[in-house]
Amino acid sequence: MEARTPLRIARESFAALGVEPWYERARQELRSAGEGSKRQSRTDWDLLTPQELQIAQLAAEGLSNKEIGQELYLSPRTIGAHLYRIFPKLGITSRGQLRDKLSAN
């Protein structure tokens, strides 16, 4: 019973961080401790950090890395690095797919 509070905190933290295996483990441990939890439906966008989400949305609107960088006060190279990490998280390989993914969610 005493373990429930730390497990709840862990579950919510892992969900916020997008660490699916640890989230699932904490959820299972909570269930074992006698607390049920509904499986939250998560979208691909939930896997992105707020900054990654903002960059993905701007890229989906058709802005170039340079234009996104100017808007967010980041270098175009930094924008490219973010997109490099965003694409695998969303299971896509191009900016065109970003638009499709954004309209699907």
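For reference, positions follow the sequence shown, starting with 1.
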Looking at [Y], is its backbone amide N or carbonyl O close enough to the side chain of [X] to form a donor-acceptor pair, meaning the two atoms are under 3.5 Å apart?
X      : Y     : answer
Thr78  : Leu74 : no
Lys101 : Leu90 : yes
Glu71  : Ile68 : no
Arg95  : Leu63 : yes
Gln97  : Thr93 : yes

Worked verdict on Asp100 versus Ile92 for side chain to side chain contact (heavy atoms under 4.5 Å, CB included): CA-CA 10 Å; Asp100 298 338; Ile92 60 173; over 6 Å; no
By salt bridge (charged side-chain N to carboxylate O under 4.0 Å, His left out), which residues pair with Arg8, not counting sequence neighbours? Glu35
Residues in salt bridge (charged side-chain N to carboxylate O under 4.0 Å, His left out) with Glu29, at least two apart? Arg25
Drop me the distance from Thr49's OG1 to Ile86's CD1, to the nearest 0.5 angstrom. 7.0 Å
Could you grab the distance from atom CG of Leu48 to atom NE2 of His82, nearest 0.5 Å is fine? 11.0 Å
Any salt bridge between Arg99 and Glu61, counting N to O under 4.0 Å? no
Report the C-alpha separation of Arg11 and Leu7 in whole Å, then their side-chain angles, then the decisive distance to 0.1 Å, and conclude whether the side chain to side chain contact (heavy atoms under 4.5 Å, CB included) test is met. CA-CA 6 Å; Arg11 180 189 63 195; Leu7 284 170; over 6 Å; no
For Ala26 against Phe14, the heavy-atom pair lying closest together: CB-CD1, 4.2 Å
Determine, step by step, whether Ile79 and Leu58 satisfy the side chain to side chain contact (heavy atoms under 4.5 Å, CB included) criterion, reporting the C-alpha distance in whole Å, the side-chain angles of both residues, the deciding distance to 0.1 Å, and the verdict. CA-CA 11 Å; Ile79 300 302; Leu58 292 171; over 6 Å; no
Determine whether Ser64 and Glu67 make a side-chain contact, defined as any pair of heavy atoms from C-beta on separated by less than 4.5 Å. yes
